[in-house]
Number of protein chains: 2
Amino acid sequence: MATPEPERPGFLLPLLLLAGFRTLIDDLHAELARQGHPELRPLHGFVLQAVGADGTTATELGQRLGISKQAAGKTVDRLVALGYLERGDDPRDARRKLVRTTPRGLDGLRRSAVVFDRLRQRWAATLGPDRVTAMEDDLRAVAPANLFRLDVPGWFGG
Amino acid sequence: MATPEPERPGFLLPLLLLAGFRTLIDDLHAELARQGHPELRPLHGFVLQAVGADGTTATELGQRLGISKQAAGKTVDRLVALGYLERGDDPRDARRKLVRTTPRGLDGLRRSAVVFDRLRQRWAATLGPDRVTAMEDDLRAVAPANLFRLDVPGWFGG
DNA sequence: ACTGTTTGGACAACCACGTTGACGATCGTA
DNA sequence: TACGATCGTCAACGTGGTTGTCCAAACAGT
């Protein structure tokens with residue numbers, strides 16, 4: 001017998017999306033804190049990803065993250081103070097300040113990816129691997145591709 | 001032929017969850033702004049939900065939202081200034097200040113639910129209704145139930 | 001080569017949202 | 001009645017964002 005479509009109040013889907021995201025992020029940072037990165041905040045992983053292997057500038061980083069260049073600059077300041085990023089001059093343009101990931105930043109990034117993979121495996125063990133893959137495909141289908149610039153080279157191995 | 005499981009980097013799932021959430025929230029507030037609630041911020045809907053129909057106190061609100069009573073109090077201050085909440089005395093306990101939703105708050109809440117329902121229907125039209133339902137079920141299965149106190153009376157018609 | 005425009009980075013002021021610590025007023029109870 | 005727990009609030013602070021302004025450097029046109 002077909003299961004009747006239950007009442008699905010409007011608030012349910014966004015709340016569950018947020019809860020799922022926060023579950024992953026909280027688990028990640030609890031594990032990262034154990035592995036020597038207690039100062040890493042949820043935002044920082046995305047920033048480190050957005051900086052990428054080749055480095056970037058504050059303005060470009062802001063565009064990638066969808067925030068102002070000033071906000072990006074302040075975030076870079078904090079990550080520089082924590083030792084995750086470093087600034088340098090651009091020999092080809094004296095206005096630009098190159099932002100690069102330090103070895104410590106790369107370490108945090110690598111550990112994040114490892115922990116995320118493990119968390120995804122935990123979800124796959126609960127839901128089944130195909131359900132997780134289906135969820136990712138569905139979310140990719142409805143989320144605007146320009147959000148967080150999923151197509152930035154270096155993201156997701158792309 | 002079976003599709004081989006592609007590489008699914010660890011960052012993909014949380015990023016898509018966040019992107020999906022932000023997509024819904026951004027769409028919601030763009031629509032709410034058109035309907036006379038331009039000051040409503042993403043957080044406010046959850047706060048109004050957490051206040052509920054019966055009213056509550058700042059301390060209890062903080063517990064429901066998982067934040068400190070001071071942070072809850074400041075958020076109530078802002079929503080009172082915007083006309084979405086009001087404070088009153090508790091005749092049975094002079095320490096407690098009751099927080100209640102105003103008619104304007106109820107209006108914003110009702111419109112939020114309507115818009116969210118419409119957004120969910122849009123997702124259902126893209127993915128198919130069963131995919132949206134499956135995503136909700138899967139997320140509910142992996143998200144801790146106490147996050148955002150999904151079981152608070154009044155949430156989701158519960 | 002000079003000039004005007006665009007761009008990158010930095011500074012200031014401000015706002016939203018969160019934290020911890022302290023404290024007075026009130027309540028419940030021994 | 002005295003004491004401990006609880007509620008609201010104030011203060012100080014940190015983080016992450018905004019807009020506006022400004023200077024120096026790069027660039028394009030004459």
Side-chain angles (χ1 to χ4, degrees), chain A residues 18 21-22 25-26 29 33 37-51 55-100 147-148, chain B residues 18 21-22 25-26 29 33 37-51 55-100 147-148:
Chain A
L18 181 56
F21 173 72
R22 286 200 44 173
I25 297 297
D26 290 349
H29 287 93
H37 296 281
E39 321 93 337
L40 271 188
R41 312 263 291 112
L43 171 75
H44 297 165
F46 298 109
V47 175
L48 291 176
Q49 277 284 331
V51 170
T56 180
T57 66
T59 295
E60 189 181 348
L61 182 61
Q63 289 168 349
R64 289 184 183 179
L65 296 174
I67 60 178
S68 65
K69 60 179 182 177
Q70 294 92 331
K74 284 201 285 187
T75 300
V76 169
D77 287 343
R78 292 182 202 112
L79 284 171
V80 167
L82 291 174
Y84 289 94
L85 293 177
E86 61 184 3
R87 277 188 228 259
D89 292 327
D90 186 335
R92 291 194 291 258
D93 189 335
R95 293 171 305 177
R96 291 157 56 93
K97 299 291 177 62
L98 273 310
V99 176
R100 280 185 304 272
L147 206 57
F148 284 94
Chain B
L18 181 57
F21 173 72
R22 286 200 44 172
I25 297 296
D26 290 349
H29 287 92
H37 295 280
E39 322 92 337
L40 270 188
R41 311 263 292 110
L43 171 74
H44 296 165
F46 298 108
V47 175
L48 292 176
Q49 277 285 329
V51 170
T56 180
T57 66
T59 295
E60 189 182 347
L61 183 61
Q63 289 168 350
R64 289 183 183 178
L65 296 173
I67 60 178
S68 65
K69 60 178 181 176
Q70 294 93 328
K74 284 202 283 189
T75 300
V76 170
D77 286 342
R78 290 180 207 111
L79 284 171
V80 167
L82 291 175
Y84 289 94
L85 293 178
E86 61 185 3
R87 276 191 231 258
D89 292 327
D90 186 336
R92 291 193 291 257
D93 189 336
R95 293 171 305 178
R96 292 158 54 93
K97 300 290 179 61
L98 274 311
V99 176
R100 281 184 304 273
L147 206 57
F148 284 94

Closer than 3.5 angstrom, by distance alone: can the side chain of B:Arg64 be matched with the main-chain N or O of B:Ala50 as a donor-acceptor pair? yes
Once you round it to whole Å, what is the distance between C1' of D:dG16 and CZ of B:Arg22? 12 Å
What is the distance, rounded to the nearest whole Å, between atom CG of B:Asp26 and atom C1' of D:dG17? 14 Å
It should be established whether B:Ser68 places a side-chain nitrogen or oxygen under 4.0 Å from OP1 or OP2 of nucleotide C:dG18. no
Nearest whole angstrom, please: distance from the C1' of D:dT15 to the CD1 of B:Ile67. 15 Å
Between B:Lys97 and B:Asp89, is there a side-chain heavy-atom distance shorter than 4.5 Å? yes
Of the non-hydrogen atoms in A:Val99 and A:Val51, which two are nearest, and what is the gap between them? O-CG1, 3.7 Å
Do B:Leu48 and B:Leu85 have side-chain heavy atoms sitting under 4.5 Å apart? yes
Side-chain N,O (B:Thr75) to OP1/OP2 (C:dG18) below 4.0 Å: yes
Give B:Ala94 one of three labels, base, sugar-phosphate or nothing, depending on what nucleic acid heavy atoms sit under 4.0 Å from its own. sugar-phosphate
Which whole-number value in Å describes the distance from B:Asp89 CG to C:dC27 P? 11 Å
How many angstroms lie between NE2 in B:His44 and NE2 in B:His37, if you round to the nearest 0.5 Å? 13.0 Å
Nearest 0.5 Å, please: how far is OG1 in A:Thr75 from CD in A:Gln70? 11.5 Å
Separation of D:dG14 atom P from A:Leu82 atom CG, nearest Å, is 13 Å
What is the distance, rounded to the nearest whole Å, between atom CG of A:Leu79 and atom C1' of D:dG16? 12 Å
Can you give one letter per nucleotide of nucleotides 8-16 of chain C, going 5' to 3': B for a protein heavy atom under 4.0 Å from the base, S for sugar-phosphate only, - for none? BBBB-B--S
